[in-house]
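Index from 1, following the sequence. In listed order, ligands and their atoms are each counted from 1.
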Amino acid sequence: MTAFPVAKVVVLGSINMDLVAHVPRIPRPGETLTGRSLSYVPGGKGANQAVAAARLGAHVQMLGRLGDDPFAATLRHGLQAAGVNTQQVLVTPDTASGLAWIGVADDGQNSITVIPGANGSVTPNDVSLWEPQIAAGEVLLMQLEVPPSTVAAAIAVARQHGVRVVLDAAPSPTEPLPAACWQVDLLSPNQTEAEQLLGRPVNSLMEAQAAAQQLLERGPQHVVIKLGELGAWLASREGLSQHIPPCPVSPVDTTAAGDAFTAAMSVEWALGQSLTDACRWACAAGALATLTSGAQPSMPTREQVVELIAWTTTKS
Ligand code: RIB
């Protein structure tokens, strides 16, 4: 019997409790709206990507920090239930776990405010302790909800050990990124983050193509810009510049769709697929994540992605 290949993914990133308010639309500044319900859902860009990678069949090691509040146990159990190894998730005393305040509107759009809590205490010193775990991975997957100096330190460790680095440039950096953060194998912002990184609009496929090229010039080997309902734009230093079409769905909640995308792309790339094929998978995973409310509950399984790709292929 042939063993099915399994990707070894290390995720260094945030773990949040999401406080999700369902509202008719995203309120304007100064406006008060009446919402329908409030739910507590495990989230955090790092943890979401860890759960997504595990559901897609990868062996996943989570690196990060929780606080010592009542949410911490729920968040750790959520990761474990998805099959994520949490042995190296450390606890910061006298600190709350990360929190995100999320408004989800009737059209599926969202707005998110993050209070970093323990995520802000993940240090370059932690990265030194985690060197064996990083070295054992095939891909190190990170986002920007832990301090950039920590991300830079982890990139250095991964490079030392020949581990591929995928950086999801989310949320939009408010300060210029440290130079080391550009030296990654794959940089993957969404449309807004690409605009923030470059200081120019990215509203069309043509603008996405130009933006991807400009981002490549800053250091990464490959760039994938997530464009939501327009799909994605993939560009690489080897000369690739390609539109990846979206999987058309009717979204219920777009929260963490980008996380499902980045995780799926990283898992498939680690399994040896071309980046083009990995991005097709990613578009399907991202689309599926919009069909269910909440961050971690919406992360799709490998079977669901296979099914959606097959369905989309027969329709085209
Ligand atoms: O990408 C979605 C995530 O962003 C949410 O789960 C929230 O916690 C914030 O980190």
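For Asp168, the side-chain hydrogen bond (donor to acceptor under 3.5 Å, both in side chains) partners are Gln49, Lys226, Thr262, not counting sequence neighbours.
Summary of contacts: the protein heavy atom closest to atom 7 (C) of ligand 1 is Asp18 OD1, 3.3 Å. With respect to atom 3 (C) of ligand 1, the closest heavy atom belonging to the protein is Asn48 ND2, 3.6 Å. Of all protein heavy atoms, the one lying nearest to atom 2 (C) of ligand 1 is Asp259 OD2, 3.4 Å. For atom 4 (O) of ligand 1, the nearest non-hydrogen atom of the protein is Lys45 NZ, 3.1 Å. Glu145 OE2, 2.7 Å is the protein heavy atom nearest to atom 10 (O) of ligand 1.
Applying the side chain to side chain contact (heavy atoms under 4.5 Å, CB included) test between Ser266 and each of Leu186, Leu271, Leu141 identifies Leu141 as the sole match.
No hydrogens or angles considered: nothing links the side chains of Asn125 and Thr123 as a donor-acceptor pair under 3.5 Å. No side-chain donor-acceptor contact under 3.5 Å links Arg55 and Gln304. A donor and an acceptor atom, one from each side chain of Ser241 and Trp233, are located under 3.5 Å apart.
Less than 4.0 angstrom separates some heavy atom of Ala295 from each of these atoms of ligand 1: 6 (O). Counting the atoms of ligand 1 from 1 in the order shown, those under 4.0 Å from a heavy atom of Gly43 are 6 (O), 8 (O). Ligand-side atoms of ligand 1 in range of Ala100: 7 (C), 8 (O), range being under 4.0 angstrom from any heavy atom. Taking every heavy atom of Asn16 and a limit of under 4.0 angstrom, the matching atoms of ligand 1 come to 7 (C), 8 (O), 9 (C), 10 (O).
At least one N/O-N/O distance between Gly44 and ligand 1 falls below 3.5 Å.
Side-chain contact check for Leu275 versus Met265: some heavy-atom pair is nearer than 4.5 Å.
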Let me check something: any side-chain donor-acceptor pairs from residues 279-295 under 3.5 Å, sequence neighbours excluded? List them with distances.
| residue | atom | partner | partner atom | Å |
| --- | --- | --- | --- | --- |
| Arg280 | NH1 | Asp277 | OD1 | 3.1 |
| Thr290 | OG1 | Ala287 | O | 2.7 |

